[in-house]
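Below is one structure, written out as structure tokens; the observations come after it.
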Amino acid sequence: MHTGEMIHQAYENTTERTLELWNAHGETGAVRTEPFYHPTKLAITSGNRAGGAMAGLLSDLTTAAQGDPLADIAPTDGMHFTFFAITQALYDRPEDADDLAGLADIFQQHCAGHVMQISELQLVALPNQLLLAGIPDGESLRVRQSLVEHLLATKWAGKIKDRYPDAAIPQIFWHSTLLRYSAEFISEPLRAFFREKRQQPFGSVSLPVKLVMTNYNWTDTVFLS
């Protein structure tokens with residue numbers, strides 16, 4: 001099984017596990033007492049926005065949510081695909097981070113001019129989130145892996161491991177989070193939205209990879225490189 005097939009299978013397995021949970025839990029369950037991410041603190045990450053191309057999907061999702069206050073839908077001007085996230089949301093402003101110039105230099109060594117291409121976009125369901133995920137091109141896989149290996153050999157390794165405490169580094173998913181639902185499970189109208197559109201293809205994106213410091217939904221973003 002080649003890499004693209006492995007990634008696609010991971011998406012299918014994730015959705016199947018979620019559907020089993022939804023079937024076992026008809027209600028939304030306990031409401032979260034903490035947000036998924038701090039709403040204003042900044043993290044260092046990489047990727048780029050793609051909201052313009054997905055405005056219709058986001059509009060349809062907003063309609064399906066029916067004004068539900070627990071539904072945090074990605075704003076069109078912040079909807080993005082992550083290339084590789086480097087830190088958790090730790091900073092109030094860029095000046096709070098040490099050696100951003102050194103980090104930008106490492107990033108440029110590996111990613112200068114790189115355009116990530118993610119194809120075969122499809123919806124993927126987590127118990128309380130909806131993702132738009134796809135298959136990266138081979139060059140993006142290679143570039144990201146070389147960047148990660150370099151960073152893990154530097155003082156940034158600790159922050160990267162804190163960012164991915166229970167996951168592979170780098171993660172297998174290439175995705176944008178369209179919806180975060182502040183309960184154990186998303187509501188029935190949103191489940192119905194997913195079921196309706198699960199098999200719908202959403203095309204592809206080609207995005208220049210940028211190093212940024214940003215809040216969780218990319219509405220407060222400083223481009224570092």
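Bear in mind the structure is a predicted one, so any value in this text is a computation, not a measurement.
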Do side-chain atoms of T18 reach the backbone of A125 as a donor and acceptor pair under 3.5 angstrom? yes
Going by distance alone, is a donor N or O of one side chain under 3.5 Å from an acceptor N or O of the other, for S140 and D137? yes
When you look at CD of E27, are more than 12 heavy atoms from neighbouring residues, nucleotides or ligands closer to it than 6.0 Å? no
Determine the interplanar angle of the Y37 and Y216 rings, folded into 0 to 90°, and report it as parallel if under 30°, tilted if 30 to 60°, perpendicular if over 60°. parallel
Would you say D220 and T40 make side-chain contact, with heavy atoms under 4.5 Å? no
Does the side chain of I86 come within less than 4.5 Å of L103's, by heavy atoms? yes
Is any side-chain heavy atom of M79 closer than 4.5 Å to a side-chain heavy atom of L132? yes
Give a yes or no on this: more than 12 heavy atoms of other residues, nucleotides or ligands lie within 6.0 Å of atom NZ of K197. yes
Can you name the nearest heavy-atom pair linking A71 to A65, along with the distance? CB-CB, 4.1 Å
In terms of ring plane angle, is the pair H150 and H110 parallel, tilted or perpendicular, where the classes change at 30° and 60°? perpendicular
May I ask you to establish whether R191 and F193 are in a cation-pi arrangement, using a distance under 6.0 Å from NZ or CZ to the six-membered ring centre and at most 45° from the ring axis? no
Does a donor on one side chain sit under 3.5 Å from an acceptor on the other, for S119 and S204? no
If you apply the rule side chain to side chain contact (heavy atoms under 4.5 Å, CB included), what do you find for L179 with I186, and how did you get there? CA-CA 9 Å; L179 165 78; I186 67 175; 4.2 Å; yes
Between E12 and R17, is the salt bridge (charged side-chain N to carboxylate O under 4.0 Å, His left out) condition met? List the steps. CA-CA 9 Å; E12 290 297 306; R17 287 193 297 269; over 6 Å; no
Taking the side chain as every heavy atom from C-beta outward, state whether V212 and L224 have any atom pair closer than 4.5 Å. no
Kindly indicate whether the side chain of R49, heavy atoms from C-beta on, has any atom under 4.5 Å from the side chain of W218. yes
With a 3.5 Å cut-off and no angle check, do the side chains of E149 and Q145 form a donor-acceptor pair? yes
Say whether, by atom type as modelled, one donor and one acceptor occur between the side chain of E184 and the main chain of T28 under 3.5 angstrom. no
Side-chain (Y11) to main-chain (M6) donor-acceptor, under 3.5 angstrom: no
Using the rule given for salt bridge (charged side-chain N to carboxylate O under 4.0 Å, His left out), can you reason through K155 versus D99, listing the C-alpha separation, both sets of side-chain angles and the distance that settles it, and then say yes or no? CA-CA 10 Å; K155 64 182 181 181; D99 195 23; 3.7 Å; yes
Show your reasoning for whether ring-ring contact (aromatic ring centres under 6.0 Å, His included) applies to F107 and F84. CA-CA 11 Å; F107 181 83; F84 181 66; over 10 Å; no
Closest heavy-atom contact between S176 and H80? OG-O, 2.6 Å
Should the pair F185 and H25 be assigned to parallel (<30°), tilted (30 to 60°) or perpendicular (>60°) ring geometry? parallel
N/O donor-acceptor pair under 3.5 Å between Y91 side chain and A43 backbone: no
Run the side chain to side chain contact (heavy atoms under 4.5 Å, CB included) test on F83 and L207 for me, step by step, so that the C-alpha distance in whole Å, both residues' side-chain angles and the decisive distance to 0.1 Å come before the verdict. CA-CA 10 Å; F83 186 69; L207 303 170; over 6 Å; no
Residue pair L152 / I169: nearest heavy atoms and the distance that separates them: CD1-CG2, 4.2 Å
Assess the side chains of H38 and Q88: does a donor N or O sit below 3.5 Å from an acceptor N or O? no
For I135 and G4 the tightest heavy-atom approach is CD1-O, 3.6 Å
Check whether any side-chain heavy atom of V209 lies under 4.5 Å from a side-chain heavy atom of V115, and answer yes or no. no
Tell me whether T62 contacts the main-chain N or O of L58 through its side chain, where contact means a donor paired with an acceptor under 3.5 Å. yes
Picking from V124, L57, D72, what satisfies side chain to side chain contact (heavy atoms under 4.5 Å, CB included) with L178? L57
Determine, stepwise, if the pair R144 / E139 fulfils salt bridge (charged side-chain N to carboxylate O under 4.0 Å, His left out). CA-CA 8 Å; R144 189 181 69 169; E139 182 66 1; over 6 Å; no
If two hydrophobic side chains count as joined below 4.5 Å and joins carry through other members, does I73 share a cluster with M54? yes
Looking at E34, I want to see if its CD is surrounded by more than 12 non-hydrogen atoms of other residues, nucleotides or ligands under 6.0 Å. no
Looking at every heavy atom in both D92 and D96, which two are closest together, and how far apart are they? N-OD2, 3.2 Å
With a 4.5 Å cut-off on side-chain heavy atoms, are L100 and I44 touching? yes
Taking every non-hydrogen atom, the tightest pair across N215 and P39: ND2-O, 3.5 Å
Just so I know, are the side chains of L131 and L123 near enough to count as touching, which here means a heavy-atom distance under 4.5 Å? no
